[in-house]
Amino acid sequence: MSDTDLRAFYLRYIEALNAHKFDGMDEFINDRTTLNGEPATRDDLIAVQEHDVDAVPDLRWELKELLLDGDRLAAQLVNTGTPVKEWLGVTPTGASFEIVEYAIYQVRNGRFVHMTALHDAGALLWQMTG
């Protein structure tokens with residue numbers, strides 16, 4: 001994929017995440033992949049995404065920066081939402097959050113084959129508990 005194609009691919013992925021349309025993830029995620037260095041299937045990743053939205057029904061991802069290098073992407077995102085269930089180890093308090101996420105991906109044959117994400121759970125805890 002060209003840089004232009006990768007950028008468009010990633011923007012469509014973020015759009016699907018924000019619409020909470022997980023049934024279409026086969027467009028983006030390979031059948032077998034890795035998540036944070038561990039082997040995973042697409043269904044495993046969809047389960048994580050559905051769990052996140054179950055805990056934070058208004059969860060949104062805002063892309064701040066996207067770097068492309070061959071078949072690899074690195075993204076800085078801002079995640080926002082208001083948890084209604086425990087999420088990333090934090091009990092909901094009714095407060096909303098805004099945290100940074102860094103994500104790294106590798107794409108082969110038009111789908112993610114490696115996915116890594118790091119969330120600022122410390123900032124989440126601070127925002128939720130004051």
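This one's a predicted model, so the numbers in the text were calculated from it and none came from an experiment.
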Would you name the heavy atoms of [X] and [Y] that are closest together and state the gap between them?
X     : Y      : value
Leu45 : Met115 : CD2-SD, 2.8 Å
Glu86 : Pro92  : N-CD, 3.5 Å
Val56 : Gly81  : CG1-CA, 3.7 Å
Ala95 : Thr82  : O-CG2, 3.6 Å

For [X], look at atom [atom1] and say whether over 12 heavy atoms of other residues, nucleotides or ligands are found less than 6.0 Å away.
X     : atom1 : result
Asp31 : CG    : yes
Arg12 : CZ    : yes
Glu15 : CD    : no

According to a 4.5 Å side-chain heavy-atom criterion applied to Ile, Leu, Val, Met, Phe, Trp and Tyr, with indirect links allowed, do [X] and [Y] form part of one hydrophobic cluster?
X      : Y     : answer
Phe97  : Leu88 : yes
Leu11  : Leu6  : yes
Met25  : Leu59 : yes
Val113 : Leu35 : no

Is [Y] close to [X] at the side-chain level, that is, under 4.5 Å between some pair of heavy atoms?
X      : Y      : answer
Thr33  : Arg42  : no
Asp44  : Arg32  : no
Val100 : Gln76  : yes
His119 : Leu124 : no
Thr80  : Glu62  : no
Ile29  : Arg111 : no

* **Check: Tyr10/Tyr105 side-chain N/O donor and acceptor closer than 3.5 Å** =>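 Looking only at side-chain atoms, Tyr105 and Tyr10 do form a donor-acceptor pair, the distance falling under 3.5 Å.
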* To do: Establish, from distance only, whether the side-chain atoms of Asp5 and Ser2 form a donor-acceptor pair under 3.5 Å.
  =>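 Present: a donor and an acceptor within the cut-off.
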Looking at [atom1] of [X] and [atom2] of [Y], how far apart are the two atoms once the value is rounded to the nearest 0.5 Å?
X      : Y      : atom1 : atom2 : result
Ile14  : Arg60  : CD1   : CZ    : 10.0 Å
Leu77  : Glu101 : CG    : CD    : 5.0 Å
His20  : Gln49  : NE2   : CD    : 10.0 Å
Asp71  : Arg108 : CG    : CZ    : 6.5 Å
Met1   : Leu68  : CE    : CG    : 10.5 Å
Thr116 : Tyr102 : OG1   : OH    : 15.0 Å

* Would a line drawn from the ring center of Phe9 to the ring center of Phe112 be shorter than 6.0 Å? -> yes
* So Lys85 and Asp54, salt bridge (Lys or Arg N to Asp or Glu O under 4.0 Å) or not? Walk me through it. -> CA-CA 8 Å; Lys85 296 180 180 177; Asp54 182 54; 2.7 Å; yes
* Decide yes or no on side-chain contact (heavy atoms from CB on, under 4.5 Å) for Thr91 and Met128, but give the supporting numbers first. => CA-CA 8 Å; Thr91 302; Met128 299 302 294; over 6 Å; no
* Per the ring-ring contact (aromatic ring centres under 6.0 Å, His included) rule, which among Phe22, Trp61, Phe28 passes with Tyr13? -> Phe28
